[in-house]
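Notes for the one structure printed next.
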Amino acid sequence: MIKNIALSREIILNESFPVDYNVRVEYPPGPNKGHYSTPVAMECAKIFKRSPNDIANEIVEKIKEVPEISEYFEKIEIANPGFINIFISTKVHIEMIQKFNQDSKSIYNLVKTKDHEKKIIFEFVSANPTGPLNIVSARAAAVGDAICRIIKICGYNIYREYYVNDYGNQVKLLGLSLVARYLQKKGHEASLPEEGYQGEYIKDVLEEILKKISLNSETDVKLLDKTVKTLDIVKNDDSQWKEKLGESFGTEAVEILRASHEKDLNAFGVYFDNFFSEKNLHDGGEVDKALKVLKKAQKVYEQDDATLFKSTDYGDEKDRVIVRSDGRPTYLLADIAYHKSKIDRGFTHIYDIWGPDHHGYIARLKGAMKAMGFPESDKEKKKEAFEVMIVQQVNMIEDGKPVVMSKRLGKFHTMTDLLEKIPADVVRYFFLMRSQSSHLDFDLDLAMNHSSKNPVYYIQYAHARICSIFREAKKDIDADIKISNLTSEQIKSSFREELLLMLWRFPEIVEQISINFEVQILSEYLYNMTSVFTRFYHEKENRILPLLETSPNEAEFLLKIIQITRQVIKEGLELLGISAPVKMEGLLKQQDEETI
RNA sequence: GCGCCAGUAGCUCAGCUGGAUAGAGCAACGGCCUUCUAAGCCGUCGGUCAGAGGUUCGAAUCUUCUCUGGCGCACCA
């Protein structure tokens, strides 16, 4: 609908007001101000040096002259200081109902354009494989997954990737931490390395490695086995031996942890097309290649035996070391190589979601992308072709106090902890309720104690109610209900038009999110739409079962409305990765027990 | 010191690329089950949008400064 209005306005505008202008269409604050409105006259006032009201008048007159456009508008009003308020006609409702009647894809107004040919890669979560997934990773997973689902439903190709930092110092440290735990287990004196990983999970990982050794006889495992068996005769201060064992342990542990991340994410309903290994990047010489590209672009220089990238050329506050004085590449260079691989693999749009501790990193990586010649921006959309989003931190609040999270000290709330306490549907909704770029206080007590008042249940409840009505009416929920002779009176009364208008917004909102990635708009919308539905539901005139006897025509119409409502809730929740239950009995029982 | 995110109702937060009377939920108070699920609905209470200037027809939104809070500023990843 927005598109139709904007389009019609553009036709009109181009005639009398020849200006390249993007017409905005908004939802007005109240029903007396129209169903849709546009401030375009006010925005153009300055350009043409005329009063907004004048311009608005002229536009409205022009619209009235074009019958194929004006038949969609019941009336158009001008409100001070120059808003054009549009009231849509019954014809629009009838056409929209038919549209929703077809397969669910057709509601998104999918016209394949050249824009749909772009290849998008979306990288998110990418947690270090040195410990269990934490809450921020869970948030990133929820947000990234929802954005991917929305982009996909809008007809784009999207590839989901997870970058695994299975290389470097942290892996070594992880391995040495395991060696220390192993020695302790065998009754030797051993202390964790400085900055080592202290979490309890290290012991579980160790057990799993040892189990693997006893079950498996693959070559590298064999090597490990041999090393372990000779342990007792080796002095435990033999650092060379420790290094070697640490390396094997580290490699094994990283794979175990990575696999557990994947498992946790799958349980959360999040899937990836690929897990991209940093180690392969190093082993395959890709890191050196990236360095060569930067050198060729003349964006590197040497200083004190180290190699630096001139990120200041791209607005960074200082140049960054990419090769250390001892010749080892830094994480940044590897990351540049990783992003180079994204370009090499033919992706035209590269999006990342990073954790809050990486925001200082954006400038330098964006600089590197430019240095490698990746297009700066996509002029048609407002997003750049390479965009990094930051998911801000999550503070877990328990008993009114923030819970301290630290991976190194082993005191943290993992994603698994969270999902044990709170159902995945609720966790997802909480993470998707607010914009990812702001801090989030996650009140555990509130999430658990007030779960029955939780907005996600409210939405699911509406879905269950609709399913229940169809059960009671003995109708198939997917039945093709034909509507005939719809009158304007039928639509206008008892919150019906309010609900319909709300429903027509759904594809508009989904499309909007596919461009700006602000997922919380969808959760907000679903809640508000559900609220309008519940009001509609409670109106006596909208009670369907009695009407089936007295006025089947009316009943069919109402069934059609709730059928579409159900379709929107179901698809909307699906885009957020949340289930749409047919019944809510389980929770009802729970609540009854509480009241007894 | 520099940078990022923020400061909106008692609490947690929405408020879309400036637009009309600043919105939800929770909490508090008062109504509504002979009626398709009361996990609900209706109503009441509650705000100097941290503060001060600037831009303009119009600012919670953009901009500058100040104050407050959180986080980040490695030849770690």
Side-chain angles (χ1 to χ4, degrees), chain A residues 22 24 26-30 33 37-39 42-43 45-46 51-52 79-83 85 128 130 165 167-171 173 195 278 303-308 317-318 320-326 328-332 334-335 356-363 382 390 392-393 395 397 400 402 430 433-435 437-443 446 450-455 457-458 460-462 464-473 509 512-513 515-516 518 520-521 523-524 527-528 531 534-535 537-540 542-548 558 562 583-585 587-588 590-591:
Chain A
N22 190 18
R24 283 195 296 138
E26 304 171 333
Y27 305 122
K33 296 186 175 67
S37 84
T38 173
M42 288 177 290
E43 288 170 341
K46 207 189 249 171
S51 94
N80 280 324
F83 288 102
N85 295 337
N128 285 346
T130 50
N165 303 125
Y167 184 88
N169 207 32
Q170 56 173 359
V171 178
L173 214 52
E195 303 280 305
E278 183 188 352
Q303 190 179 63
D304 305 331
D305 295 331
T307 310
L308 283 88
E317 45 192 36
K318 64 177 184 183
R320 307 291 171 175
V321 174
I322 49 174
V323 181
R324 300 181 182 88
S325 40
D326 62 8
R328 285 155 51 232
T330 63
Y331 173 76
L332 176 60
D335 217 6
D357 47 340
H358 284 67
H359 73 249
Y361 225 80
I362 298 175
K382 275 171 187 162
I390 295 290
Q392 278 295 344
Q393 68 181 104
N395 298 315
I397 311 285
F430 266 59
M433 263 166 89
R434 43 208 62 156
S435 70
S437 57
S438 44
H439 295 223
L440 170 65
D441 281 343
F442 198 112
D443 192 326
L446 201 76
H450 299 278
S451 59
S452 62
K453 302 260 180 186
N454 199 294
Y457 294 137
Y458 181 76
Q460 290 180 326
Y461 183 40
R465 269 179 163 160
I466 294 171
C467 293
S468 167
I469 294 173
F470 273 86
R471 272 196 304 274
E472 295 290 321
I509 280 174
Q512 187 192 348
I513 298 170
I515 295 163
N516 67 12
E518 304 277 347
Q520 80 282 0
I521 295 172
S523 11
E524 186 90 358
Y527 188 86
N528 291 336
S531 174
T534 333
R535 209 175 305 151
Y537 170 88
H538 280 276
E539 284 293 306
K540 284 200 178 83
N542 295 334
R543 210 148 289 156
I544 291 169
L545 294 188
L547 281 173
L548 278 171
L558 294 175
I562 66 165
K583 279 183 181 177
M584 295 294 274
E585 280 176 334
L587 277 151
L588 253 178
Q590 226 175 51
Q591 210 235 358

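In this text, all values refer to a predicted model and were calculated from it rather than measured experimentally. By convention in this document, chain letters (A, B, ...) are assigned in the order of the sequence lines, proteins followed by strands, and residues within each chain are numbered from 1.
- Residues meeting the side chain to side chain donor-acceptor pair (under 3.5 Å) test with Gln512(A), sequence neighbours left out: none.
- Applying the side-chain contact (heavy atoms from CB on, under 4.5 Å) criterion to Tyr167(A), with sequence neighbours excluded, gives Glu278(A), Lys279(A), His282(A).
- Taking the ring pair (Phe, Tyr, Trp, His ring centres under 6.0 Å) definition, one finds that Tyr527(A) meets it with Tyr458(A), sequence neighbours left out.
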Could I get a table of every N or O pair under 3.5 Å where one atom is in the protein and the other is in nucleotides 71-73 of chain B?
unit_1: C71(B); atom_1: O4'; unit_2: Gln393(A); atom_2: OE1; d: 3.4

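- Every residue was checked against the side chain to side chain donor-acceptor pair (under 3.5 Å) condition with Tyr361(A), not counting sequence neighbours, and none meets it.
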Distances under 3.5 Å between nitrogen or oxygen atoms of protein and nucleotides 21-23 of chain B:
unit_1: U21(B); atom_1: O4; unit_2: Lys33(A); atom_2: NZ; d: 3.0

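- Partners of Arg471(A) by side-chain contact (heavy atoms from CB on, under 4.5 Å), not counting sequence neighbours, listed by chain and number: Cys467(A), Ser468(A), Val582(A), Lys583(A).
- When the side chain to side chain donor-acceptor pair (under 3.5 Å) test is applied to Ser435(A), the partners found at least two apart in sequence or on another chain are Ser438(A).
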RNA chain B in dot-bracket form (Watson-Crick or G-U pairs under 3.5 Å, [ ] crossing, | inter-strand) is (((((((..((((.....[...)))).(((((.......))))).....(((((..]....))))))))))))....

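- Looking at residues two or more places apart in sequence or on another chain, you find a ring pair (Phe, Tyr, Trp, His ring centres under 6.0 Å) between Phe430(A) and Phe442(A).
- Among the protein residues, Tyr361(A) comes within range of the nucleic acid bases, having at least one heavy atom under 4.0 Å from a base atom.
- Judged as a side chain to side chain donor-acceptor pair (under 3.5 Å), and not counting sequence neighbours, Glu539(A) has no contacts.
- Stacking between Phe83(A) and the base of G19(B) is absent under the criterion of ring centres within 5.5 Å and planes under 30 degrees.
- Residue Met42(A) places its side chain closer to G19(B) than to any other of C41(B), A24(B), G19(B).
- In this model, the phosphate group of A14(B) is approached by a side-chain N or O of Ser435(A) to a distance below 4.0 Å at OP1 or OP2.
- With sequence neighbours left out, Phe470(A) forms a ring pair (Phe, Tyr, Trp, His ring centres under 6.0 Å) with no residue at all.
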